[in-house]
Amino acid sequence: MVLILGIEGTAWNLSAALVTEDRVIYEVESVYKPLHGGIHPREAAQHHASELKRVVSDVIRGAKNAETGFSIRDIDGIAFSQGPGMGPCLRTVATAARALALTLKKPLIGVNHCIAHIEIGRWQCGARDPVVLYVSGANSQVLVYFAGRYRILGETLDIGIGNALDKFARYMGLSHPGGPKIEELAAAASMHSSGEDKDKDRKYAYIPLPYVVKGMDFSFSGLTTAAMDALDAGYTREAVCYSFQETAFAMLTEVTERAMAYCGRDEMLLAGGVGANRRLQQMLRTMCHDRGARFFVPETRYLHDNGAMIAYLGLLQFRSGQTTPLRESGVKPNFRPDEVEVTWR
Ligand code: AMP
Ligand code: MG
């Protein structure tokens, strides 16, 4: 049995977990919530630094209570998010991981955060070889595994969908994270339109917004600005949130379908925090159903950033002999998934 301790802390969530081949033994997290505005990298890093000791101790204590015979000496390796992410946050977590690895005399395993999202999804859902739509705060990509790497077929040309939603929510005066609040407002628009009261329906109807797809790449910054303008022009929040979601998610669904057709894959996996959105799930599920493909989405705790996914990818890498010497353990804020040689598939 392989036992890996994994630590995630690329942005808002500091999370540590102990994972074996067949399950997540224990996980503890500590969420950084900005007082105002978006995620401030240095503030988030300070949050992580002040919570690291507690989070790691709590995971070990929790595992001891959950598992008879568990000992810290049984840990085979220390996995950490090496990137992509916010520099100060990454450095804080990497420093803690190095200290733990040296103290416990166990190997260090630097993992790519995006691939961790994919692998935990495949593990939890039993997807074999899916086209992956990975949508989180800073990242939005369509990927497939081919010949030893996760290849990026399409991606955002500017900001990630999560950042676009969060930015627009902030413009409306809503606190971070904005994605779930926009989802609620958008759902309210559908509830308001009855089909009976024409004047009322118009207030909640779809507003055309920039739809930008180039091949399998896409863009969200023009859409975000146009949504802000629509709000200033007097459209209701509900209508703009609804239109924002419909436009952005249709773009994501279109490129995912194109990737599936291009690669001839009959599975798709949704990954990343924005994947929690029910409207996005619904659009993708319909698209997959219409193509006769299977749609997979893990439970929400494995969609947003979590320590279990880092521990699990660490476990896959460890088993295939991929560990990280200290001199190569520097953080990689712009780490792309296609830089990683996949040795475990
Ligand atoms: P991650 O970095 O993968 O944890 O994803 C974080 C992003 O997911 C943030 O930008 C959130 O606003 C976004 N998010 C979380 N829940 C939802 C939701 N229900 N709908 C849309 N976006 C969401
Ligand atoms: Mg993430």
Side-chain angles (χ1 to χ4, degrees), residues 6-15 17 27 29-34 37-39 41 44 48 80-86 89-90 93 111-121 132-141 143 155-156 159-172 174-188 220 223-224 227 241-242 244-249 251-253 269-284 297-310 312-313 332-337:
I7 314 175
E8 157 60 25
T10 55
W12 61 275
N13 195 11
L14 175 71
S15 172
E27 184 175 46
E29 61 178 27
S30 171
V31 172
Y32 156 78
K33 258 194 143 257
I39 302 178
H48 295 357
F80 70 103
S81 297
Q82 201 167 6
M86 298 178 168
C89 299
L90 293 172
V93 168
V111 315
N112 178 286
H113 175 96
C114 318
I115 299 184
H117 272 290
I118 300 174
E119 291 300 354
I120 196 141
V132 181
L133 176 64
Y134 166 47
V135 275
S136 68
N139 305 291
S140 298
Q141 293 170 332
L143 309 103
E155 63 188 314
T156 180
I159 53 176
I161 177 64
N163 284 359
L165 290 164
D166 294 341
K167 204 169 157 183
F168 178 57
R170 270 205 302 284
Y171 192 74
M172 291 188 289
L174 303 172
S175 65
H176 187 89
K181 291 157 197 142
I182 290 179
E183 178 172 14
E184 273 176 40
L185 284 162
F220 295 118
L223 166 62
T224 309
C241 288
Y242 168 68
F244 192 118
Q245 281 201 169
E246 293 302 301
T247 309
F249 297 167
M251 284 159 54
L252 292 170
T253 305
L269 172 70
L270 181 56
V274 182
N277 189 289
R278 279 151 296 179
R279 179 59 181 143
L280 176 60
Q281 291 183 7
Q282 188 185 40
M283 281 194 193
L284 292 166
V297 57
E299 53 182 299
T300 304
R301 64 179 281 217
Y302 296 126
L303 279 168
H304 69 220
D305 294 349
N306 63 91
M309 69 182 195
I310 303 304
Y312 181 65
L313 178 53
K332 303 176 181 178
N334 300 315
F335 198 3
R336 287 173 64 82

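Both counts, for ligands and for their atoms, begin at 1 and track the order of listing. This structure is a prediction, so every number in the text was calculated from the model and none was measured.
Within D305, the N/O/S atom positioned nearest the Mg ion (ligand 2) carries the name OD1.
With respect to atom 14 (N) of ligand 1, the closest heavy atom belonging to the protein is G273 O, 3.7 Å. Taking atom 1 (P) of ligand 1 as the reference point, the nearest protein heavy-atom neighbour is D305 OD1, 3.4 Å.
Geometrically, ligand 1 and G179 share a nitrogen or oxygen pair separated by less than 3.5 Å.
Contact check on R279 versus E183 returns no salt bridge, with no Lys/Arg side-chain nitrogen under 4.0 Å from an Asp/Glu carboxylate oxygen. Contact check on E155 versus R336 returns a salt bridge, with a Lys/Arg side-chain nitrogen under 4.0 Å from an Asp/Glu carboxylate oxygen.
At least one heavy atom of P180 sits less than 4.0 Å from an atom of ligand 1. Note on ligand 1: H117 sits in its first shell, one or more heavy atoms being nearer than 4.0 Å.
Backbone or side-chain N, O or S atoms of H113 reach the Mg ion (ligand 2) at under 2.8 Å. When distances to the Mg ion (ligand 2) are checked against a cut-off of 2.8 Å, H117 contributes an N, O or S atom below that limit.
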Open item on the list: Applying ring pair (Phe, Tyr, Trp, His ring centres under 6.0 Å) to H304 and W12, what does each step give before you reach the verdict?
Closed with: CA-CA 10 Å; H304 69 220; W12 61 275; 5.2 Å; yes
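In this structure, the side chain of H117 engages the main chain of L303 through a donor-acceptor pair within 3.5 Å.
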